[in-house]
Amino acid sequence: MKLLRDLLDKQKPLFQKGGKLENLYYLYEAGETFMFSPNHTTSPKGAQIKDAIDLKRMMITVVIAMIPCLIFGIYNTGAMHFLATGDANATFGDKFLLGATLVLPIVLVSYTAGGLVEVVFAVIRKHPINEGFLVTGMLIPLIVPATIPLWQVAVATIFAVVIAKEVFGGTGMNILNVAMTARAFLYFAYPAQISGDTVWTYVGENAVDGFSGATALSVVYQAGQSGENAVAELSQHNAGIMDGMFSFVNMFMGYIPGSIGETSTLMCLIGAAILLFTGVASWKIILSAFGGAYLMGVVMNLLSVNEYMALPSHYHLVMGGLAFGIVFMATDPVSASQTETGKWIYGLLIGALTIIIRVTNPAYPEGIMLAVLFMNVFAPLIDYYVVQANKKRRLQRATV
Amino acid sequence: MSKLVKLKKGFDIRLAGKAEMEVHDFQPVKTFAIKPTDFIGMQRPKVLVKEGDTVKAGTPLLFDKKMDKVQFVAPVSGEIVEIKRGEKRKLLEIKILADSVIEFESFQKYTPSQIQEASRDTLIDHMTACGVWPQIIQRPFGVIANPSDTPKSIFISGFDTHPLAPDYEILLKGQQEAFKVGIQVVKKLTSGKVYLGLPADKAASSAYDNIEGVEINKFSGPHPAGNVGVQIHHVDPIAKGDVIWTINPYGVVQIGKLFLNGAYDASKIIAITGSEAKKACYTQTYLGACVDSFVAGNIKSTNVRAITGNALTGQKINLDGYLSYYDHQLTLLPEGDYYEFLGWMKPTSDKLSYHKALGLFSFLYPKKEFVLDTNTRGEPRAFVSTGVFESVTPMDIYPVYLMKAIMAEDYDDMEELGIYEVIEEDLALCEFVDVSKHPVQELVRKGIELIQYS
């Protein structure tokens, strides 16, 4: 380590004020502080000791929490391919390897494109490189289908990092969740590659007869249109290829088509457990969002105008990206509501809105993306009223 | 009407190096100093002595032209050896080389019945002239009380929950009578009540036994339960326009001694604490002592930071610096000026953390006493984490919103969000737990000054 430290110290004058590469100081600084936590000491006045946590550690905790989703996503991408091509002989290794060749390039492109934007902004705006991108760079690959063209990943990442984050001043200042913005960008700019029935599974050339790549949400939507029983439709779907693909248990486990990281509710819950145990995510948001979704599902059941509305409420919790969105997107501490009371309201409305969008809006089969973005915008308003209430309590005591 | 306040929010910072319960004698302290920088809000100090003058304990050294009634007096008798000034001739220290036997200025003595009969103004004049007045602090703002105000109540916190805080049982040993007289005086200063906050979880100092004329409230829970600001918030909150005074129990004792003995007695027991102290213990000295006698031969390594006060709200001083006016504690901690390879992700159970993020295992050791150094453990960033500040602030206040209002210099918001209810120490824990390493205490003072001088 001494060697590495010496090397860094030797280069340091180059990047400091007056050095040849002065402009790239923050690039150097990012590398340096990645390898060595700095030797700064506390100021003479104020707290003389500090907690062992820093933003880097907090962010890496979120990345770790996403690893189960990523690994399962890689496996499932391969598994869905061999299911679609009817190759029953494919081993676990085959599936995983194919998944990896499809998914890892997306991760790489997302990190590279976003990282470049971060560096450019850090150098121009002269601020440290934001660790927040560690999380965003991993989130984006997990919420797109495995078949997405890589250039679209790059464009969406750059768009999201610039428009959703850097223009506001970087991590901590943004209003919208950056990864969700990337997905919304893709959804509205290139809908052909991120919606419909064919994009979710990498089929290759020879799909087996009768395979449908539709997601559970689209199956249920069709059922609603045609007036068939939704649960029956789900259980019959792809029956010739895989028994009970859209059974409740299988959807919970996640062996279904969908965006790379979102399919397995179980993996999302493992991620949630990590986030909640480490205290990085708010349990209030997660609990109230799931609760909001379930309650809205029940309300739909009561109205029950069509078959989609009659879908048992607990099915909603395992379909689509609801779990992933709630666990990893809604809890983003920057764009979420910041007051404890506000978090209850914020989560509840995300859950409820998701179901409303799913069930009643024909244009958008999935609602979590828009629900999160919509509530991101509303979070400051919720907080405003919570904080106003606090101010009022204080004002009531005043004598002048 | 005494009440029990159960506080859940907060965090006890468990450090190694707690003072043993014994009073140890070090080499006698040679010099003592009064530092005008200890008195927040002192604007135009006027020095009354010259280098070479001899003074007695209780001789006025300086006063603030803004509040000329209040005298700041010498803690010991001896010779003025240095009047140290900094940039722009800012007054930093008045150093006194102490006599081996302390001589006292003689002031008028009062019997309890004389105190009872004396008018409030007489008492105040006596206190301001004889040097004990700076012990009385005003809320809001945490500055020395203005003698022309009448506070709606007076608060005394009878215990300290800061890291390695000294035990008041030792600090106030044998001062029961002085404390009683002090309370009698203090009671006459307010139109309302005098509140004494005591710990609910452990025994309070015996100096408070059989005390009369005060309302006792008990507080349970982690730090900052012992902070007087937190106690005020739960008993008699400050609103805009209110004035409350606070006094440390030591200040009450000093006031009591002045009336009892007719002398300005600045003797005090202080705690020498911290992981770098070979012998962490208590010692008898006077206010404003130079720490060199306590440090010499008593530190484990050379790279040590001496802190007057505690590790959370204290101030760095040189190894031959002086304890601050209001401090009863010297903390010796290792300096943290080193690089650490992959320090941001290395699993550790040696560094204390309020958080449980990846690799921070200190929560597995709820009894362990930690050796913490002064490393910042990361760099400053924008606010990201939410809810953490609130969870260590046992008050109905939103610290992050308050911080942001201060940063934006939004006066209305600061007022409405409760700037009147806090001083640095009340939000010091936020500074400790902050993921983004904001200088919270500095910000709080900035906000207070904006409001105070607006």
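In the text below, chain A, chain B and the rest are named by the order of the sequence lines, each starting its count at 1. Keep in mind that the numbers below use all heavy atoms, side chains included, and drop hydrogens, waters and symmetry copies.
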S.K.: Using heavy-atom distances under 4.5 Å, tell me whether A:K343 contacts chain B through its side chain, its backbone, both, or neither.
M.R.: side chain
S.K.: Any Lys/Arg nitrogen of B:K240 or B:E415 sitting under 4.0 Å from an Asp/Glu carboxylate oxygen of the other?
M.R.: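 Yes.
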S.K.: Under 6.0 Å between ring centres: does that hold for A:Y25 and A:F15?
M.R.: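 Not under 6.0 Å, so no.
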S.K.: Under 4.5 Å from any heavy atom of chain A, what part of B:L15 do you find: side chain, backbone, both or neither?
M.R.: side chain
S.K.: Select one option (side chain, backbone, both, neither) describing which atoms of B:E431 are under 4.5 Å from chain A's heavy atoms.
M.R.: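 Both backbone and side chain.
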S.K.: Ring centres of B:Y354 and B:F432 under 6.0 Å apart?
M.R.: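 No.
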S.K.: Sort A:S282 into side chain, backbone, both or neither according to what part of it lies under 4.5 angstrom from a heavy atom of chain B.
M.R.: neither
S.K.: Among B:E379, B:Q441, B:M345, B:E390, which residue has the highest count of heavy-atom pairs closer than 4.5 Å to chain A?
M.R.: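 Option with the top pair count is B:E379.
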S.K.: Tell me, out of B:W344, B:Y338, B:Y420, who's got the most heavy-atom pairs with chain A below 4.5 Å.
M.R.: B:W344
S.K.: Looking only at heavy atoms and a cut-off of under 4.5 Å, which of A:V280, A:N130, A:V387 has the most pairs with chain B?
M.R.: A:V387
S.K.: Should A:D6 and A:K10 count as an ion pair when the cut-off is N to O under 4.0 Å?
M.R.: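 Salt bridge flag = no for A:K10 with A:D6.
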S.K.: Could you state the interatomic distance from CG (B:L427) to CG (B:N227), rounded to the nearest 0.5 Å?
M.R.: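 If we round to the nearest 0.5 Å, B:L427:CG and B:N227:CG are 9.5 Å apart.
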S.K.: Is it true that A:K284 and A:E340 have a side-chain N and a carboxylate O under 4.0 angstrom from each other?
M.R.: yes
S.K.: Hey, does the side chain of A:S288 reach the backbone of A:W344 with a donor-acceptor pair shorter than 3.5 angstrom?
M.R.: yes
S.K.: If we count only N and O atoms by modelled type, under 3.5 Å, do the side chains of A:N390 and B:Y401 hold a donor and an acceptor together?
M.R.: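 No donor-acceptor contact under 3.5 Å links the two side chains.
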S.K.: Is it the backbone or the side chain of B:T313 that comes under 4.5 Å from a heavy atom of chain A, or both, or neither?
M.R.: backbone
S.K.: What option among A:P38, A:A336, A:S337, A:A52 has the most heavy-atom pairs under 4.5 Å with chain B?
M.R.: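 Between A:P38, A:A336, A:S337, A:A52, the count favours A:A52.
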S.K.: Can you tell which part of B:F363 gets under 4.5 Å to a heavy atom of chain A, answering side chain, backbone, both or neither?
M.R.: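 Only the side chain of B:F363 comes within 4.5 Å of chain A.
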S.K.: Using non-hydrogen atoms and a 4.5 Å limit, figure out which bit of B:L352 sits close to chain A: side chain, backbone, both or neither.
M.R.: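 Contact with chain A is through the backbone of B:L352 alone.
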S.K.: Name the option with the most non-hydrogen atom pairs under 4.5 Å to chain A; the candidates are B:G314, B:P439, B:G359.
M.R.: B:G314
S.K.: Going by an N to O cut-off under 4.0 Å, is there a salt bridge joining B:E421 and B:R139?
M.R.: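 No.
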S.K.: Pick one of side chain, backbone, both or neither for A:Q388, based on which atoms fall under 4.5 Å of a heavy atom in chain B.
M.R.: neither
S.K.: In terms of heavy-atom pairs under 4.5 Å with chain B, which of A:I274, A:T33, A:I49 leads?
M.R.: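 Ranked by contacts with chain B, first place is A:I49.
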S.K.: Using the benzene-type ring in the case of Trp, are the ring centres of A:F121 and A:Y26 under 6.0 Å apart?
M.R.: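 For A:F121 and A:Y26, the ring centres are not under 6.0 Å apart.
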S.K.: In terms of heavy-atom pairs under 4.5 Å, which option from A:L4, A:T42, A:D383 contacts chain B the most?
M.R.: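 Top count of heavy-atom pairs under 4.5 Å with chain B: A:T42.
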S.K.: Quick check on B:L429 against chain A: is it the side chain, the backbone, both or neither that has a heavy atom closer than 4.5 Å?
M.R.: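 Neither part.
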S.K.: Looking at chain A, which one of B:N310, B:L360, B:D337 has the largest number of heavy-atom pairs inside 4.5 Å, strictly under?
M.R.: B:L360
S.K.: For each of A:R57, A:K391, A:K56, tally heavy-atom pairs with chain B at distances under 4.5 Å, and name the one with the top tally.
M.R.: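 Of A:R57, A:K391, A:K56, A:R57 has the most heavy-atom pairs under 4.5 Å with chain B.
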S.K.: Are the charged groups of B:D373 and B:R377 less than 4.0 angstrom apart, N to O?
M.R.: yes
S.K.: When heavy-atom pairs shorter than 4.5 Å are enumerated against chain A, which of B:L358, B:V433, B:T348, B:T374 gives the highest number?
M.R.: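 Looking at each option in turn, the highest pair count goes to B:T374.
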S.K.: Using heavy-atom distances under 4.5 Å, tell me whether B:T331 contacts chain A through its side chain, its backbone, both, or neither.
M.R.: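 Nothing of B:T331, per the 4.5 Å heavy-atom cut-off to chain A.
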S.K.: Which answer fits B:L333, side chain, backbone, both or neither, if we ask what part of it has an atom under 4.5 Å from a heavy atom of chain A?
M.R.: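 Just the side chain, heavy atoms under 4.5 Å.
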S.K.: Find the one option among A:D51, A:D54, A:T278 whose heavy-atom pairs under 4.5 Å with chain B are most numerous.
M.R.: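 The candidate making the most pairs under 4.5 Å is A:D51.
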S.K.: Considering only heavy atoms, which portion of B:E424 lies under 4.5 Å from any heavy atom of chain A: side chain, backbone, both, or neither?
M.R.: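 Nothing of B:E424, per the 4.5 Å heavy-atom cut-off to chain A.
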S.K.: Picking from B:R445, B:K437, B:E335, which has the most non-hydrogen pairs under 4.5 angstrom with chain A?
M.R.: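 Top option by heavy-atom pairs under 4.5 Å: B:K437.
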S.K.: Does a side-chain N-to-carboxylate-O contact under 4.0 Å join A:K392 and B:E416?
M.R.: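 So A:K392 does not pair with B:E416 through a salt bridge.
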S.K.: Examine the side chains of A:T171 and A:N174 and answer whether a donor and an acceptor come within less than 3.5 Å of each other.
M.R.: no
S.K.: Salt bridge check, A:E32 against A:K12: does any charged N sit closer than 4.0 Å to a carboxylate O?
M.R.: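 Result for this pair is yes, salt bridge flagged.
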